[in-house]
Enquirer: 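One structure follows; several queries about it will come next.
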Amino acid sequence: MRKGIILLAILVTGIAGVLLLVTKEEPRQPVTAAKGLEAPPFELADLEGKTWRLADLKGKVVLLNFWATWCDTCKQENPSLQALMNAEKENDRFVFLTVLYKDTPANAKEYLKANGFTFPVLIDTNNVGRAYGLTGVPETFLIDKRGIIQEKVIGPMEWNTPEVRAVLAKLANE
């Protein structure tokens, strides 16, 4: 009888422990990149070996796009990003950067060449995607001249539109 009580106590304790583990809420990662907050700093090299630091871009509007060659919606979005970059190439108050997410530089080089894209591609070797709290790709951040995130766009978007260019001009003139 005594063995039965001991086994029952062990069983109840074990079940309680499992329930505590299952129902314990995982701590949430703090939001690091959201509209109105300072953009997380980064220092990354592009496909050509040039180092880009967000801190060096203060005073300019930065469009920071995360993408991958395996992402179909990124492939749909990339022509409009290239068109926007081409349209704004004379605008020295605007910087357009992309960050390759969970992909290889070789894939990116091949993809750019095959499609005639010339936008800068930074290699995410420092978990910048994680610092920006990516949920997937494409995701794009519009960062103002002070380094504050003004917009976060999840998913693809048509970038080379009069509306987008007006927002860029407004931010560049603030």
Side-chain angles (χ1 to χ4, degrees), residues 32-126 128-129 131-134 136-174:
T32 54
K35 187 175 177 177
L37 296 180
E38 187 170 348
F42 62 81
E43 180 176 325
L44 297 173
D46 65 19
L47 292 173
E48 308 305 318
K50 178 181 177 181
T51 298
W52 295 82
R53 291 174 197 82
L54 184 60
D56 295 342
L57 302 174
K58 290 263 172 115
K60 297 178 185 276
V61 175
V62 178
L63 190 137
L64 185 65
N65 174 265
F66 290 84
W67 70 288
T69 62
W70 47 260
C71 167
D72 289 335
T73 53
C74 299
K75 291 176 183 177
Q76 294 168 5
E77 179 181 60
N78 284 341
S80 74
L81 287 166
Q82 180 70 51
L84 175 63
M85 189 186 87
N86 292 345
E88 295 290 332
K89 68 182 169 192
E90 300 301 320
N91 184 349
D92 62 353
R93 297 174 294 173
F94 173 65
V95 177
F96 172 68
L97 297 173
T98 68
V99 178
L100 190 63
Y101 181 71
K102 293 187 178 181
D103 206 339
T104 67
N107 287 347
K109 286 179 182 180
E110 183 180 315
Y111 174 80
L112 294 175
K113 184 176 180 182
N115 292 284
F117 296 136
T118 60
F119 45 77
V121 178
L122 312 184
I123 309 305
D124 190 4
T125 55
N126 295 332
V128 173
Y132 276 77
L134 291 190
V137 288
E139 279 192 31
T140 307
F141 297 83
L142 186 57
I143 303 166
D144 71 15
K145 296 188 301 186
R146 299 169 295 137
I148 305 299
I149 297 171
Q150 293 299 315
E151 294 294 334
K152 176 180 178 178
V153 178
I154 297 175
M157 183 171 145
E158 183 64 36
W159 290 100
N160 189 31
T161 66
E163 295 81 13
V164 170
R165 295 190 64 201
V167 169
L168 291 175
K170 179 180 180 252
L171 288 172
N173 291 324
E174 287 182 343

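Note that the coordinates shown come from a computational prediction; the quantities given were computed from them, not determined experimentally.
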Enquirer: Rounded to the nearest 0.5 Å, what separates atom CG in Leu54 from atom NZ in Lys60?
Expert: 12.5 Å

Enquirer: Can any side-chain N or O of Glu77 pair as donor or acceptor with the backbone N or O of Met157 at less than 3.5 Å?
Expert: yes

Enquirer: Roughly how far, to the nearest 0.5 Å, is the CG atom of Leu134 from the CZ atom of Phe141?
Expert: 5.5 Å

Enquirer: Are more than 12 heavy atoms, taken from residues, nucleotides or ligands other than Glu158, located less than 6.0 Å from that residue's CD atom?
Expert: yes

Enquirer: Does Trp159 have its ring centroid less than 6.0 Å away from the ring centroid of Phe96?
Expert: no

Enquirer: What is the minimum heavy-atom distance between Lys58 and Arg146, and which atoms define it?
Expert: CE-O, 3.4 Å

Enquirer: Nearest 0.5 Å, what's the CG-CD distance between Asp46 and Glu48?
Expert: 6.0 Å

Enquirer: CG/Leu63 to CD/Gln150 distance, rounded to the nearest 0.5 angstrom?
Expert: 12.5 Å

Enquirer: For Pro40, does its backbone N or O pair with a side-chain atom of Tyr132 as donor and acceptor, under 3.5 Å?
Expert: yes

Enquirer: Give the C-alpha distance, both sets of side-chain angles, the deciding distance and a yes or no for side-chain contact (heavy atoms from CB on, under 4.5 Å) between Asn78 and Asn115.
Expert: CA-CA 10 Å; Asn78 284 341; Asn115 292 284; over 6 Å; no

Enquirer: Could you tell me if the side chain of Val99 sits less than 4.5 Å from the side chain of Leu44, heavy atoms only?
Expert: yes

Enquirer: Flag the pair Val61 / Lys145 as yes when at least one side-chain heavy-atom distance between them is below 4.5 Å, and no otherwise.
Expert: yes

Enquirer: Within the structure provided, determine whether Phe66 and Thr140 are in side-chain contact (heavy-atom separation under 4.5 Å).
Expert: no

Enquirer: Within the 3.5 Å criterion, strictly below it, is a donor on Gln82 or Thr118 matched to an acceptor on the partner's side chain?
Expert: yes

Enquirer: Could you tell me whether the side chain of Leu122 reaches within less than 4.5 Å of the side chain of Phe42, counting heavy atoms only?
Expert: yes

Enquirer: If we only count heavy atoms from C-beta on, is the Ile143 to Leu57 side-chain gap below 4.5 Å?
Expert: no

Enquirer: Contact between Asp124 and Leu100 at the side-chain level, heavy atoms closer than 4.5 Å - yes or no?
Expert: no

Enquirer: Donor-acceptor pair, distance only, cut-off 3.5 Å: does the side chain of Asp103 make one with the backbone of Thr69?
Expert: yes

Enquirer: Counting distance only, does the side-chain N/O of Asn126 pair as donor-acceptor with the main-chain N or O of Glu43 below 3.5 Å?
Expert: yes

Enquirer: Would the distance check show the side chain of Thr98 and the main-chain N or O of Pro120 forming a donor-acceptor pair, the cut-off being under 3.5 Å?
Expert: yes

Enquirer: With rounding to the nearest 0.5 angstrom, report the CD1 to NZ distance, Ile148 to Lys35.
Expert: 13.0 Å

Enquirer: Among all residues two or more places apart in sequence or in another chain, which pass the side-chain contact (heavy atoms from CB on, under 4.5 Å) test with Asn91?
Expert: Glu88, Arg93, Phe94

Enquirer: Can you check whether Trp70 reaches Asn107 side chain to side chain, under 4.5 Å on heavy atoms?
Expert: no

Enquirer: Using 30° and 60° as the class limits, which term best fits the ring planes of Phe117 and Tyr111: parallel, tilted or perpendicular?
Expert: tilted

Enquirer: Once you round to the nearest 0.5 Å, how far does SG of Cys71 lie from NZ of Lys102?
Expert: 13.0 Å

Enquirer: Any side-chain heavy-atom pair from Asn86 and Asn160 closer than 4.5 angstrom?
Expert: no

